[in-house]
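The structure appears below as structure tokens.
Within every chain, numbering begins at 1; the chains are lettered A, B, ... in the order of the sequence lines, protein sequences first and strands thereafter.
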Amino acid sequence: AQSVTQLGSHVSVSEGALVLLRCNYSSSVPPYLFWYVQYPNQGLQLLLKYTSAATLVKGINGFEAEFKKSETSFHLTKPSAHMSDAAEYFCAVSEGTGGFKTIFGAGTRLFVKA
Amino acid sequence: DTGVSQDPRHKITKRGQNVTFRCDPISEHNRLYWYRQTLGQGPEFLTYFQNEAQLEKSRLLSDRFSAERPKGSFSTLEIQRTEQGDSAMYLCASSSGEGLNGYTFGSGTRLTVV
């Protein structure tokens, strides 16, 4: 069965610093992987997706993620944090044996300090 | 295209009452999903539809919960005899095909059971 583990429920960075949010997945078949962002009292918005085309995936707002099969990881990075990046971030996995429904991690809240 | 709409945005109900939520997906999307999100957690899968067919229900969906998608358009989620543990954000999402390009989420319905 597919699952996702996000390491660190809270991450705090200074404005301008590197953002690194960690995600490890478990899947019995090649997975499809996603990162979503959620602002307070809103639904989730897709940041980026990995669908086996390229291992380094670029998304919106300057975020990118790298798929590493050997490490079963899909960490999210951004070179320089902005105050507007403060939000909750969710890693998610979808696979065929699960009917392609998406399973979400518990989330990582990103704080950005001025 | 106005995105995924959910109604109401907020619902406060007394324990034991029935509530019904509505979701209007993106019109071209054939798949519709319901998730539940509690404070500090990621979205938990409840059920999904492909057109009008309900393809999977989570074990989280007790017999007090029922979802429908008549005619493969909008969907309703009903909770009968609400309990305080039902208090959560209920998120609806839709996708085309199997959702391999990600989901589009609505803003959610926040349910508070008092």
Side-chain angles (χ1 to χ4, degrees), chain A residues 1-10 21 23-25 27 29-53 57 59-60 63 65 74 87-110, chain B residues 2-10 21 23-26 29-50 53-61 88-112:
Chain A
Q2 65 217 48
S3 66
V4 168
T5 302
Q6 292 186 241
L7 303 177
S9 58
H10 297 84
L21 305 182
C23 171
N24 288 88
Y25 70 90
S27 174
V29 298
Y32 295 87
L33 297 163
F34 308 87
W35 277 97
Y36 286 82
V37 62
Q38 185 178 35
Y39 297 99
N41 297 314
Q42 293 186 26
L44 281 70
Q45 179 184 5
L46 182 67
L47 269 181
L48 50 79
K49 61 183 184 287
Y50 166 76
T51 56
S52 77
V57 181
I60 63 172
F63 284 94
F74 191 56
E88 187 96 24
Y89 292 81
F90 295 96
C91 183
V93 63
S94 177
E95 59 164 62
T97 59
F100 290 111
K101 67 179 181 292
T102 298
I103 302 300
F104 290 85
T108 297
R109 180 162 295 279
L110 176 65
Chain B
T2 56
V4 177
S5 299
Q6 292 190 245
D7 184 68
R9 288 294 308 274
H10 304 274
F21 310 140
C23 173
D24 287 89
I26 291 174
H29 286 179
N30 61 330
R31 280 203 176 186
L32 185 149
Y33 311 83
W34 285 99
Y35 285 81
R36 181 172 68 187
Q37 185 178 26
T38 53
L39 200 61
Q41 298 297 315
E44 296 174 296
F45 170 78
L46 292 179
T47 187
Y48 82 96
F49 295 82
Q50 182 158 299
Q54 188 173 19
L55 295 189
E56 187 173 343
K57 292 171 58 173
S58 164
R59 288 171 295 174
L60 293 174
L61 217 63
M89 175 78 88
Y90 289 84
L91 295 166
C92 176
S94 69
S95 73
S96 58
E98 294 166 327
L100 302 184
N101 287 319
Y103 297 171
T104 301
F105 278 85
S107 296
T109 293
R110 180 166 297 282
L111 173 66
T112 303

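Relative ring orientation between B:Y35 and A:F104 is described as perpendicular, the plane-to-plane angle rising above 60° on a 0-90° scale split at 30° and 60°.
Because its NZ or CZ atom is both nearer than 6.0 Å to the ring centre of B:F45 and within 45° of the ring axis, A:K101 counts as a cation-pi partner of that residue.
The side chain to side chain contact (heavy atoms under 4.5 Å, CB included) check on A:Q42 picks up A:Y39, with sequence neighbours excluded. Scored by the side-chain hydrogen bond (donor to acceptor under 3.5 Å, both in side chains) test, B:W34 finds B:S75 as partners (sequence neighbours excluded).
If you measure heavy-atom distances from A:T51 to chain B, the contacts under 4.5 Å come from the side chain alone. For A:Q38, the part lying near chain B is the side chain, with the backbone staying farther off; criterion is any non-hydrogen pair under 4.5 Å. Interface remark: B:L91 contributes side-chain atoms only to the contact with chain A (heavy atom separation under 4.5 Å).
Within the 3.5 Å criterion, the main-chain N or O of B:G102 finds no donor-acceptor partner in the side chain of B:S95.
Chosen from B:Q37, B:Q50, B:M89, the residue pairing most often with chain A at heavy-atom distances under 4.5 Å is B:Q37. Interface check for chain B: of the options A:L44, A:N41, A:V4, the most heavy-atom pairs under 4.5 Å are formed by A:L44.
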